[in-house]
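Reminder, nothing fancy here: chain letters follow the sequence lines and each chain counts from 1. Only heavy atoms go into these numbers, but all of them, side chains included; no hydrogens, no water, no symmetry mates.
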Number of protein chains: 2
Amino acid sequence: MVAEQAGVSVATVSLVANGKTAGRVSADNLAKVRAAIDELGYVVDGIGSSLAKGVSSIVILVAPDISNPFFAKVISGVREALGADYQLLLSVTDSGQFPLAADVRRLMSLRPAGLLVDAPNSSFLADLSISGPLVLLDAPGLAEFAPAVNLDVAHGARQLAAHLAAQGHRQVAYVDSVTGTETFAVRRAAFLAEAATLGIEVAAEHTVETTIDVGAAAAAFAAAWPDWQRAGVTAVVCSTDTHAYGVLQEARVAGVRIPEELAVAGFDDLPYSATSSPGLTSVHLPAAPLGLEAGALLRRLMQGEVLERAEVTLESSLVVRGSTSAGAI
Amino acid sequence: MVAEQAGVSVATVSLVANGKTAGRVSADNLAKVRAAIDELGYVVDGIGSSLAKGVSSIVILVAPDISNPFFAKVISGVREALGADYQLLLSVTDSGQFPLAADVRRLMSLRPAGLLVDAPNSSFLADLSISGPLVLLDAPGLAEFAPAVNLDVAHGARQLAAHLAAQGHRQVAYVDSVTGTETFAVRRAAFLAEAATLGIEVAAEHTVETTIDVGAAAAAFAAAWPDWQRAGVTAVVCSTDTHAYGVLQEARVAGVRIPEELAVAGFDDLPYSATSSPGLTSVHLPAAPLGLEAGALLRRLMQGEVLERAEVTLESSLVVRGSTSAGAI
DNA sequence: CTGAAAGCGCTTACAG
DNA sequence: CTGAAAGCGCTTACAG
């Protein structure tokens, strides 16, 4: 250890570097060591430190889809909550695909201080069996596995159903996501349930599923629209805004007038939804607070607190724009 | 080391786990160790391994703006090139902000096998002084620091100038990005130079700068448009599509007809650019190839090859859509 | 308050 | 082909 140039033992340097000097290092030595550290530009070796301590200062965020702009806000929330003590690293997979539990286990061999898992499905969590600090994001119904911060997407979904009903829609189509993530099941179930009570029919044959991709959604809509139109469908709800962009795109190509001929709505309220023409009606999800709460929870866990079955739920709400309402932008 | 249950030494297990058995482990022992590993679900501890070897199997990708959907494709290209031998971790910062060299130095204490740095500026690289395998992405003019994979954005920029000139525009405004990334300087310089030779004027007072954010761009445009309009500006070029979305949004609010009254174009060709209404004319940048080439280069470096001043340049090209051409979608 | 020593889990010459 | 041993850079009881 180079910083012994301060004329003290490695033990003392370690104490200083870790700020554990309270009543254990003389002011004199403290100053000498600090000077040496500054001078040499010494940085504690993360690997050696991690091995000795048993954990690193890394927090790993596992997520199936970082390409989603929604996610950038979640990340900045997490970073804010975690502060400078921990390094946030993203485990990325091909978009929409969840990593294999085996991959995560390999990540765990880096001894992260904590793990954040976004939008997991239950089989993934069951496979995982992780011991360290773990917080789930957007994992409805999975609070049994670990503390979770969830979004009440159901609330927004019901608002959306009410909005469409108020606009007079009676036959509605649904574009679902193929990923087996719980949140999509909740979005759909909540919307369908509320729609049913309001006299809106969402026929099984008016439901399609695609990956979370503009092109895929556009193609699916193109294939389905003739049937839907014939059946009197006047609105389509998409499980994500990304799907909705595909529908808007294809609708423009096909000359379908939005919202007069077809109303379109999505979930997520991505930044572009305010920009598209017409603006996209969407269920707004609080991305930054999601990251912030999850980061705060994980932090407490990493500091040794015991949080059993902690579950925070954040509200969602409908933002109405021109894609469902001729009056709006 | 638990897997000694195979009845061999830790050394032998290590050999097997690292696939270095060629002529060093008997078939008999090989089988026994493999069986034990499978049975116990043993995973080599990354920390211990890294400490002994001196490097980990982590590749860190440092980037100023992962919220950009463009980036998702870059990442998937990198992953594809890197394969299963390396774990890709993203170092995230607040969007648009580049990490401090000090932060990166702390990351380096994780002993990554390699480093990928996207869109750096030269002062960041000068501060960095990294020794291990390092590849730059989208770092025009910085090939002196490390092997780099660049995008020939200048080519697309010139095409854009030619396109606008052909459409008869003579007074054009420019919306730049505030981040000090080289690529933005190149985009602007190439566009301005070509525009000048084609008789297009881009007055200094018709240039604004904002962060890469739809809202910020919209606000800047709203403030500038009255002046621009008075001065006869008929087209605005944005340094990113994200800026252009803000312009489109605000133009709609202000009742400016696109492209008749104002033509709008951007750079990046993000997925949403095909979806907006009108579609956004944009300089297409090959995202996935960028990641793929950079990953391949880094891989060679990590395997010990020496690549001096390697520089790969990928082409850009203009995609014309309705925002600059009434005939297009 | 301070330092010598053990130990974290591995890998790699080295001797056999 | 195989195993005992040293060492990677740190941290943390422990003895002084």
Side-chain angles (χ1 to χ4, degrees), chain A residues 1-34 36-37 40-58 85 87 105-113 131-132 302 304, chain B residues 1-34 36-37 40-58 85 87 105-113 131-132 302 304:
Chain A
M1 200 167 167
V2 238
E4 291 183 55
Q5 303 196 192
V8 300
S9 72
V10 297
T12 304
V13 173
S14 179
L15 254 18
V16 175
N18 287 285
K20 299 189 175 173
T21 55
R24 327 245 253 106
V25 178
S26 66
D28 195 34
N29 273 167
L30 217 192
K32 277 197 285 184
V33 173
R34 283 204 177 132
I37 287 180
L40 279 53
Y42 172 71
V43 176
V44 177
D45 182 273
I47 296 289
S49 170
S50 301
L51 186 56
K53 281 183 176 166
V55 303
S56 70
S57 62
I58 300 176
D85 303 344
Q87 328 222 69
R105 228 166 284 143
R106 216 172 308 144
L107 278 181
M108 291 311 288
S109 90
L110 294 174
R111 313 269 198 100
S131 51
M302 293 188 299
Chain B
M1 197 168 165
V2 237
E4 292 184 54
Q5 303 194 193
V8 300
S9 72
V10 297
T12 303
V13 173
S14 178
L15 256 18
V16 175
N18 286 286
K20 299 189 174 173
T21 54
R24 327 244 255 108
V25 178
S26 66
D28 196 32
N29 274 165
L30 217 193
K32 276 196 286 186
V33 173
R34 284 205 175 132
I37 286 179
L40 279 54
Y42 171 72
V43 175
V44 176
D45 182 273
I47 296 290
S49 170
S50 301
L51 186 57
K53 282 182 175 166
V55 302
S56 70
S57 62
I58 300 176
D85 302 345
Q87 328 223 67
R105 229 167 281 143
R106 215 172 309 143
L107 279 180
M108 291 311 288
S109 91
L110 293 173
R111 314 270 196 99
S131 53
M302 294 187 298

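The separation between B/M108 atom CE and D/dG9 atom P is 15 Å, rounded to whole Å. Computed from coordinates, the B/N18 CG to C/dG9 P distance equals 17 Å when rounded to whole Å. B/D28 places its CG atom 11 Å from the C1' atom of D/dC1, with the value rounded to the nearest Å. What separates CD1 of A/I47 from C1' of D/dG9 is a distance of 10 Å, to the nearest Å. Atom NZ of B/K20 is separated from atom C1' of D/dT2 by 17 Å (rounded to the nearest Å). In this structure, CG of B/L15 is placed 13 Å from C1' of C/dC14, rounded to the nearest angstrom.
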Between the protein and nucleotides 4-8 of chain C, which nitrogen or oxygen pairs are less than 3.5 angstrom apart?
residue	atom	partner	partner atom	Å
C/dC8	O2	A/A52	N	3.2

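Not a single donor-acceptor pair under 3.5 Å links the side chain of B/S109 to the backbone N or O of A/D45. Checked by atom type and distance alone, the side chain of B/S9 pairs as donor or acceptor with a backbone atom of B/T12 at under 3.5 Å. A/R111 places no side-chain N or O within donor-acceptor distance of the main-chain N or O of A/S56, the cut-off being under 3.5 Å.
Between A/T12 and C/dT2 there is no side-chain polar atom (N or O) within less than 4.0 angstrom of OP1 or OP2.
Base pairing in DNA chain C gives the following stems of 3 or more Watson-Crick or G-U pairs, range against range and under 3.5 Å: C:1-3 with D:14-16, C:5-12 with D:5-12, C:14-16 with D:1-3.
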Evaluate the criterion side chain to side chain contact (heavy atoms under 4.5 Å, CB included) for residue pair A/N18 and A/S14; output intermediate values, then yes/no.
CA-CA 6 Å; A/N18 287 285; A/S14 179; 3.5 Å; yes
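Mapped onto DNA chain D by nearest heavy atom, A/R24 and A/S49 fall at different nucleotides, with A/S49 at the one closer to the 5' end.
Residues B/L110 and A/Q87 are in side-chain contact: their nearest non-hydrogen atoms beyond the backbone lie under 4.5 Å apart.
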